[in-house]
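Accompanying notes for the structure given below.
Atom set for the values below is all heavy atoms of this structure, side chains included, hydrogens, waters and symmetry mates excluded. Here is the naming used below: chain letters follow the sequence lines, and residue numbers restart at 1 for every chain.
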Amino acid sequence: MDSEVLRQKLEQLTGKRTGIKQLGRQLSASLFRIGKQDEPVFYEDKLLVPLYESDGRVTVVWVEMEGLTPLEVQLTDYAARNFAIALQATGVKEEGEVEARQLGSWLNSQLEQEKDDIEIPDDIALKGRLFGDTIPFLLSSENVHSPQITYRSLMKLLRSYFEKEILLIPLLEKEWLILARKELLTGGDDKEDEEDNEDDLLAQTCMGLHELIASEWVGVFHLAVAPAIVPVKGLTGSVALLRETIVLGRIFQVGEYIHLPWELHLERLVNSIPVVRRRQLLGQIGDYTSLLADKEMLLTLETFFEMDCNVSETAKKLYIHRNTLLYRLDKIKQETGADVRSFSDAAIVKLTMLLYKVTKRK
Amino acid sequence: MAGVRLEHIFKKYPGSDKATVIDINLDIKDKEFLVLVGPSGCGKSTTLRMIAGLEEISEGKMYIGDRVVNDVAPKDRDIAMVFQSYALYPHMSVYQNMAFGLKLRKVKKEEIDKKVREAARILDIEHLLERKPKALSGGQRQRVALGRAIVRDPQVFLMDEPLSNLDAKLRGQMRAEITKLVKRLETTCIYVTHDQTEAMTMGDRIVVMYDGIIQQAASPEQLYNEPTNLFVAGFIGSPTMNFITGTLSEVSGAVRFRAENLDVEVPGGKAQIIRNKGYIGKEVIMGVRPEDIHEEPVFLEASPNTIFTSLVDVTENLGHEMLLYLSGLGGGTVIARVDGRSTTREGSKPKLAIDMNKIHLFDKESELNILLG
């Protein structure tokens, strides 16, 4: 049972508003005896039952007091204590996993209902830590054979890497949201870094993080990063964007594992076209089937577009002679009538390639 | 240290029609420097990434030492990787970048410090230890990435195009340094490159890949002198091997190769193989390396049956050698590499001769080397 389920059950049982909250260090110290088994307290018209303490902050389950019977208070205390004991037995309490799972579960339910602009509500325990500028990363593991990824081991790795406070939110079974403070982009103290292109910095940070997690931990997984947000307001939208980015990356960037939303605008557009319409469009544009089924030609075109249709740079990137590239481009023109050196033809061929990839026309 | 063994390895991405890597079998010996080489998209990086554990293996078994590692996480494979993109940790200093992997493995601080400084000394980056990656040049970043791998003291080094972001001069320098370093560390190394010069100069053994398949795995010398097929023959060597399509025929007890403006005799040993394999009367592709076409009078005198005349379209004098671009042989351009002091000029029609002992003949359909095996 995760903390969100506990909250829901208590709410059903008592009929009162209920929530999980991590208290600040000061309030924790004034209400509870840190590090010791403690009794529930009444505070600001709420019953607070302590679940556990981490780094001086006590996490409580709270229930609105008004009209609460003594029996309901006892039952609440009993349920919360059992939950805390069960947590202790699994050894997850010190890592803040409960609050993280509560937020993850809330995010999942919002996104299932396609609500991607909802502010984090007060009953989310971590809300107090979601106000600063934060960079969201979404990690989606692909390992079929590897052992189960644990929250504790990933959190430990990330903490030692960032050396700053981060949040790790488990979403789906193999999907994790990482929230890191924006200062990590600049190292916190380098003023001149602020002038650097933020997209480049995000891409570099993503590459470093991917390298770390891949080599030191899990192996095969996809990683996406989105621009900095203030999570309390923008988290649902950002997670929706990151999920979409990974879905698009899996379709359009086969063999790549780092996906950046600002590099997938066209792909997003093509993916939003209904399947039937896509097939119609492919039929209307012309027959590119044999061209796009030819691995060498496909790689040539992809590289040509990646290099902004620059012949010399493309030849260099493909490690082929310029004349070989020109021969291939002429061959494409002969076969399809499209001269990719002209903008309009290049645009059509690029769109056709994307449509072809997403429909996987044989 | 350990060897690496790949048994019937396949890689197929979800949704794609064809496998990217097809039935790879390789036995890489302990302390061997193996180079995977091939054009873009041939599957060499994917193979390396499977060894690293960064790609799932679709089929087959992968061993490091005696252990099957298909399901072993990268961190537990005792390997160290260096990539083209040298993904350094941007918010850490060079020292921290190099020390981080050891810190995670709970190595003692003093030991980490010793290893990092020793690696920094070997790579000549001691003065950069306090800098952040963004303050480094491409070459310096690549050295840091190498340093990060060295301090791990792994069983196997995996390197994926580690030099391709560097300029030509630095590449040459780093090429020699990596070779020296790997020999000194006595570690197995698997190195991926598209560059045949890198492959030929660095590898104890080279694996040429194309279209997801191993075309040939052999020593640099064997690959150059005994290519198993047309692809390998054309891929290794610069300028590339000349290919001339023609017919083999038996004339007065000798086997001759005839093509447009060319009629030369095949030496006895090779002629016997051609007869035995039934290629008389068939069209084949002859492969001749540019350096096996001669213009020295002594050679012409000794090889009267392989002399031909051709128009020189272009000459390129590189100082120590001259390249002659000959037209009309077998309908295409043929390149000859002659002495830099040659007096042959553009527009002339010199007499030249082919060293027929060094030629290769390929089946036109299967593209396999007829003269091998």
*List in chain and number order the residues that pass side-chain hydrogen bond (donor to acceptor under 3.5 Å, both in side chains) with D211(B), two or more places apart in sequence or in another chain; answer none if no residue qualifies.*
K18(B)

Distance from [X] atom [atom1] to [Y] atom [atom2], nearest 0.5 Å?
| X | Y | atom1 | atom2 | value |
| --- | --- | --- | --- | --- |
| S164(B) | K316(A) | OG | NZ | 11.5 Å |
| H210(A) | L54(B) | NE2 | CG | 7.5 Å |
| L209(A) | Y89(B) | CG | OH | 9.5 Å |
| L88(B) | L212(A) | CG | CG | 12.5 Å |
| H91(B) | F162(A) | NE2 | CZ | 6.5 Å |

Provide the closest heavy-atom pair for [X] versus [Y] in the form atom of the first, atom of the second, distance.
| X | Y | answer |
| --- | --- | --- |
| M207(A) | A87(B) | O-CB, 3.6 Å |
| F100(B) | Y161(A) | CZ-CA, 3.5 Å |
| A214(A) | P74(B) | O-CG, 3.0 Å |
| G208(A) | P90(B) | CA-CD, 4.5 Å |

*Is it the backbone or the side chain of R49(B) that comes under 4.5 Å from a heavy atom of chain A, or both, or neither?*
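Interface part for R49(B): side chain.
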
*Examine distances only and state if a side-chain atom of H194(B) and a backbone atom of L318(A) form a donor-acceptor pair shorter than 3.5 Å.*
no

_More than 12 heavy atoms of other groups within 6.0 Å of K295(A) NZ_ = yes

*With a 4.5 Å cut-off on heavy-atom pairs, point out which of M81(B), Q96(B), M92(B) contacts chain A the most.*
M92(B)

